[in-house]
Amino acid sequence: MDTDLYSTPKKMESDINTGPMRVLVTGGSGLVGKAIEHVVLQEGGKLEGEEWIFLSTKDADLLDVGQTRAVFEKYRPTHVIHLAAKVGGLFLHMKENMHFLRDNLRINDNVLQTAHEMGVTKVLSCLSSCIFPDKTTYPIDETMIHNGQPHDSNFGYSYAKRMIDVQNRAYFQQFGRRYTAIIPTNVFGPYDNFNIENGHVLSALMNKTYKAKTEGTPVTVCGTGAPRRQFIYSLDLGRLIVWVLREYEEIAPIILSVNEEDEVSIKEAVEMIADALDFKGKIQFDTTLPDGQMKKTASNAKLRRYLPNFTFTPLQEAIKKTCDWFVANYDTART
């Protein structure tokens, strides 16, 4: 990657906000939005005079540029955390790559261009570890995003997310905009989508295991259980995002991930879920179904240079907390 494109802009904007932040969070009712809300409102993450607005799809359809503009006009944010996206599980991505590509390109362009036009000081967008090339060396790091094609299973979503990085570089080079992005690894936690078909892997497995326990049936896991992932607890991610918004000055993205040695197999994760839910039944693997990418090991060396002492919630503890939340909120959780 040409790192020069992240440096000296041709023209600097003068409308930098110096008062208290007014932060607009798109996708604010989802997994990561709820985690940020908890950090800001429950853990003292909000500073005096700040305003934090958490948007949901009820507030605006970000596929529509008029509605996007209207919500920006209403709240006049100085900062934006852009989490909103069309998302789904592995099998939905495999079926609808075109929908994922077009919808996410439109959402991202509407948010970034509206932010630019309205003089937003900083936009922090959320990418995904699936944007990295399928054929690559490990661990992957921030310089490798554009070095090859993403995995076939979700290439539409992946390319749309990659374009945020391209747009951030262009807004900085041409207009001096300080728009940047984070790349979390696999996120899970309270308020996730626990749908068995379309949810992310851990949350779908929590729902599956809970159902199997109540029905006295085995848990069937799609694939071999061999793929390995770095899972990050949503509240840890929320704390890191608030830090990035306040302190991180680079335009180039930053990977937010647990350490490489904390990567676990799906089989190990399922066993932790079974333990957390006190499931004593049989766990079986349907090897006729695809595994997806076998590994996506990411380096958090850049994050560690900035925050060498940040402590992540241990995976077993985070899984237990999420399972407890899911059981306690089963009637209202997204299933």
Side-chain angles (χ1 to χ4, degrees), residues 1-7 82-83 85-105 107-109 112 124-170 172-173 179-187 200-201 222-224 226-232 237 244 250-266 289-305:
M1 186 192 295
D2 183 355
T3 52
D4 286 343
L5 288 178
Y6 288 122
S7 56
H82 176 38
L83 308 174
K86 176 182 169 69
V87 295
L90 172 66
F91 297 101
L92 191 63
H93 277 282
M94 288 168 75
K95 283 191 301 191
E96 297 186 9
N97 268 298
M98 175 54 98
H99 287 157
F100 280 100
L101 176 69
R102 292 195 72 224
D103 285 358
N104 284 299
L105 284 172
I107 289 168
N108 299 335
D109 189 58
L112 289 171
L124 167 56
S125 297
C126 188
L127 308 186
S128 163
S129 58
C130 70
I131 66 176
F132 286 99
D134 179 35
K135 306 285 191 291
T136 189
T137 55
Y138 295 97
I140 46 186
D141 67 34
E142 294 85 352
T143 68
M144 300 160 70
I145 296 170
H146 303 285
N147 288 0
Q149 294 186 23
H151 194 267
D152 273 352
S153 60
N154 57 3
F155 71 90
Y157 178 80
S158 299
Y159 274 118
K161 285 290 190 182
R162 279 189 190 185
M163 286 307 297
I164 290 180
D165 177 52
V166 176
Q167 285 183 274
N168 286 344
R169 287 157 58 185
F172 181 66
Q173 186 199 39
Y179 297 169
T180 189
I182 56 163
I183 309 170
T185 46
N186 293 61
V187 193
H200 290 122
V201 60
C222 299
T224 63
R228 301 183 68 77
R229 296 290 184 267
Q230 287 155 294
F231 293 105
I232 181 170
L237 181 60
V244 171
E250 295 185 43
I251 306 304
I254 184 169
I255 291 170
L256 302 182
S257 171
V258 299
N259 301 330
E260 290 166 49
E261 60 267 25
D262 294 324
E263 188 176 59
V264 297
S265 70
I266 300 300
L289 293 172
D291 276 322
Q293 276 181 279
M294 293 308 292
K295 62 186 272 179
K296 301 194 279 189
T297 317
S299 167
N300 69 357
K302 184 175 184 178
L303 173 65
R304 285 302 187 198
R305 285 199 295 277

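For Arg228, there are no side-chain hydrogen bond (donor to acceptor under 3.5 Å, both in side chains) partners two or more places apart in sequence or in a different chain. Applying the side-chain hydrogen bond (donor to acceptor under 3.5 Å, both in side chains) rule to Thr185 yields the partners Ser257; only residues at least two apart in sequence or on another chain are considered.
At a threshold of 4.5 Å between non-hydrogen side-chain atoms, the residues Ile131 and Asp165 do not count as touching. Counting heavy atoms from C-beta on, the side chains of Gln230 and Asn186 never come closer than 4.5 Å. Put simply, the side chain of Asn147 does not reach to within 4.5 Å of the side chain of Thr136, judged on heavy atoms. For the pair Pro150/Asp134, no side-chain contact is recorded, criterion being any heavy-atom separation below 4.5 Å from C-beta on. With a 4.5 Å cut-off on side-chain heavy atoms, Met163 and Leu105 count as touching. Two residues are said to be in side-chain contact when any heavy atoms from C-beta on lie closer than 4.5 Å; Ile266 and Arg229 meet this criterion. Counting heavy atoms from C-beta outward, Val258 and Phe231 have side chains that stay 4.5 Å or more apart.
Side chains of Asn154 and Asn97: no donor on one and acceptor on the other come within 3.5 Å. Looking at Thr224 and Asp291, their side chains do bring a donor and an acceptor atom within 3.5 Å of each other.
Counted within 6.0 Å of CZ on Arg102, heavy atoms from surrounding residues, nucleotides or ligands total 12 or fewer; the atom is thus considered open.
At distances below 3.5 Å, not a single donor-acceptor pair connects side-chain atoms of Asn104 with backbone N or O atoms of Tyr157. A side-chain donor-acceptor contact under 3.5 Å links Arg162 to the backbone of Ile145. At distances below 3.5 Å, at least one donor-acceptor pair connects side-chain atoms of Tyr138 with backbone N or O atoms of Lys295.
Of all the heavy atoms in Glu260 and Ala298, the pair that sits closest is CG-O, 3.5 Å.
For Lys296 and Glu263, the salt-bridge test fails: no basic side-chain N is under 4.0 Å from an acidic carboxylate O.
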